[in-house]
Chemist: 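Provided herewith is a single structure, encoded as structure tokens, for subsequent inquiry.
In the text below, chain A, chain B and the rest are named by the order of the sequence lines, each starting its count at 1.
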Amino acid sequence: MAYWLMKSEPDVYGIDHLAAEPDGVEHWDGIRNYQVRNLFRDQFQPGDLAFFYHSNTKVPGIVGVMEVVSGAYPDHTAFDPDEKYYDPKSDPDNPRWLMVDVRYVRHLDRLISLAELKADPALADMRLVQRGNRLSVMPVTEAQWQHILEMEKQDDPSNR
DNA sequence: GCCAACGTTGGC
DNA sequence: GCCAACGTTGGC
């Protein structure tokens, strides 16, 4: 099984929205990036775990855990002209964009901020903290995953 | 195939 | 709101 980090803007769709869904399940739609599309298609498996990351907000960071509960399947929002992420080049007979279903697992006990993640030498190899990174879905190694869960148990060093 | 223009992401 | 970074588009 694999680990992931998935970004969303809390003002648009945050972890509280996911937690409020029936059974905590929703599809992760609107991905219009080929690298992420390929990750969905080739690597996402039911049972994988993902961090929910809040981006483009006052204190960006990791806020919770989700479980992947489906494989990749066509993102129907690409077919609808009324949708924000409508893509006329995605043909229902040959869909260009895919999505997966995720299920809310839990909130972290505290937000682990991007600043804190960046300051931790153990996470220097994370895509998230590297310069110019723009992927909204990215892999997390098992070591990084476990390290972040350990961080959750500590106080934010900047608050000490 | 090159690359300039443009659009988007997302931290700050 | 600004802007750096980078992906995509499309003319040639």
Side-chain angles (χ1 to χ4, degrees), chain A residues 2-21 26-44 48-66 68 72-102 104 107-141 144-145 147-149 151-152 154-160:
Chain A
Y3 298 96
W4 307 99
L5 181 145
M6 303 171 78
K7 298 181 183 176
S8 186
E9 300 184 19
D11 293 343
V12 178
Y13 194 88
I15 191 168
D16 292 335
H17 295 99
L18 182 63
E21 302 285 355
E26 183 57 291
H27 43 259
W28 200 268
D29 63 26
I31 294 295
R32 300 292 180 265
N33 172 286
Y34 289 105
Q35 288 185 60
V36 176
R37 192 273 312 268
N38 295 346
L39 289 176
F40 280 174
R41 184 188 60 199
D42 302 335
Q43 298 194 35
F44 269 62
D48 289 355
L49 294 176
F51 285 129
F52 198 127
Y53 177 93
H54 280 176
S55 67
N56 209 6
T57 188
K58 197 164 189 175
V59 184
I62 295 171
V63 293
V65 175
M66 304 180 276
V68 177
Y73 63 102
D75 182 344
H76 57 76
T77 67
F79 307 141
D80 182 349
D82 294 333
E83 287 282 350
K84 181 179 177 192
Y85 294 107
Y86 172 59
D87 182 354
K89 294 174 187 164
S90 186
D91 179 347
D93 292 329
N94 184 21
R96 175 175 296 201
W97 304 116
L98 303 173
M99 59 189 182
V100 298
D101 289 348
V102 293
Y104 170 81
H107 283 66
L108 295 193
D109 294 338
R110 65 183 188 86
L111 179 149
I112 302 178
S113 71
L114 177 61
E116 190 180 346
L117 296 166
K118 279 183 170 173
D120 194 320
L123 301 176
D125 290 336
M126 273 191 92
R127 296 287 292 270
L128 183 73
V129 303
Q130 287 167 11
R131 191 180 68 104
N133 161 70
R134 293 179 58 200
L135 278 187
S136 64
V137 173
M138 67 191 77
V140 174
T141 67
Q144 291 162 352
W145 182 274
H147 186 81
I148 290 166
L149 292 182
M151 293 170 79
E152 181 189 10
Q154 315 295 326
D155 292 335
D156 183 338
S158 66
N159 291 336
R160 284 187 202 136

Chemist: Keeping the roles fixed (side chain from A:Q130, backbone from A:D125), state whether a donor-acceptor pair exists under 3.5 Å.
Modeler: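 Yes: the side chain of A:Q130 pairs with the backbone of A:D125.
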Chemist: Taking C-beta and beyond as the side chain, do A:I31 and A:M99 meet within less than 4.5 Å on heavy atoms?
Modeler: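 The answer is no, as the side chains (C-beta and beyond) never meet within the 4.5 Å cut-off.
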Chemist: Take atom CD1 of A:I31 and atom P of B:dT9, then tell me their distance rounded to the nearest Å.
Modeler: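 Answer to the nearest Å: 10 Å.
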Chemist: Are side-chain N/O atoms of A:R32 and A:T77 paired as donor and acceptor at under 3.5 Å?
Modeler: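 Indeed, the side chains of A:R32 and A:T77 share at least one donor-acceptor pair under 3.5 Å.
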Chemist: Between B:dT9 atom P and A:Y13 atom OH, what is the distance in whole Å?
Modeler: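 It works out to 18 Å between those atoms.
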Chemist: For A:Q130 and B:dG11, what is the distance between atoms CD and P respectively, to the nearest whole Å?
Modeler: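 About 15 Å, once rounded to whole Å.
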Chemist: Looking at every strand, decide which applies to A:K118 at a 4.0 Å heavy-atom threshold: base, sugar-phosphate, or nothing.
Modeler: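 Here A:K118 touches the backbone only, sparing every base.
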Chemist: Report the distance from atom CZ of A:R32 to atom C1' of B:dT8, rounded to the nearest whole Å.
Modeler: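 Answer to the nearest Å: 14 Å.
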Chemist: Name the closest nucleotide to the A:K89 side chain, picking from B:dG10, B:dG11, C:dT9.
Modeler: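 Of B:dG10, B:dG11, C:dT9, C:dT9 is nearest to the side chain of A:K89.
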Chemist: Is the shortest side-chain N/O distance from A:K7 to OP1 or OP2 of B:dT9 below 4.0 Å?
Modeler: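 Answer no for this pair, as no side-chain N or O of A:K7 is under 4.0 Å from OP1 or OP2.
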Chemist: What's the CZ-C1' distance between A:R127 and B:dG11, to the nearest Å?
Modeler: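 Atom CZ in A:R127 sits about 18 Å away from atom C1' in B:dG11.
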Chemist: Nearest-nucleotide wise, let me know which of A:Q35 and A:N56 is further upstream toward the 5' end of DNA chain C.
Modeler: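 Looking at DNA chain C, the more 5' nearest nucleotide goes with A:N56.
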Chemist: In whole angstroms, how far is the C1' atom of B:dG11 from the CG atom of A:L111?
Modeler: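 Interatomic distance, CG of A:L111 to C1' of B:dG11: 14 Å.
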Chemist: Side chain of A:R134, base of B:dT8: donor and acceptor closer than 3.5 Å?
Modeler: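 Check passes, donor-acceptor contact within cut-off.
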Chemist: May I ask you to say what A:L135 touches in the nucleic acid, namely base, sugar-phosphate or nothing, with a heavy-atom cut-off under 4.0 Å?
Modeler: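 Sugar-phosphate contact only.
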Chemist: Distance check needed: B:dC12 P versus A:N133 CG, whole Å only.
Modeler: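 Taking atom P of B:dC12 as the reference, CG of A:N133 is at 12 Å.
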Chemist: Touch check for A:R131, heavy atoms < 4.0 angstrom, all strands: base, sugar-phosphate only, or nothing?
Modeler: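 Sugar-phosphate, backbone atoms only, no base.
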Chemist: Given 3.5 Å as the limit, does a donor-acceptor pair link the side chain of A:E152 with the main chain of A:I112, or not?
Modeler: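 Such a contact is absent between A:E152 side chain and A:I112 backbone.
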Chemist: Is it the case that A:H27 and A:D75 place a side-chain donor and acceptor less than 3.5 Å from each other?
Modeler: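 Looking only at side-chain atoms, A:D75 and A:H27 do not form any donor-acceptor pair under 3.5 Å.
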Chemist: Could you tell me whether the phosphate oxygens of C:dT9, OP1 or OP2, come under 4.0 Å of any side-chain nitrogen or oxygen in A:Y34?
Modeler: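 For C:dT9, neither OP1 nor OP2 has a side-chain N or O of A:Y34 closer than 4.0 Å.
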Chemist: Can you tell me the distance, in whole Å, between the CZ atom of A:R37 and the C1' atom of C:dG7?
Modeler: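 So the two atoms are 14 Å apart, to the nearest Å.
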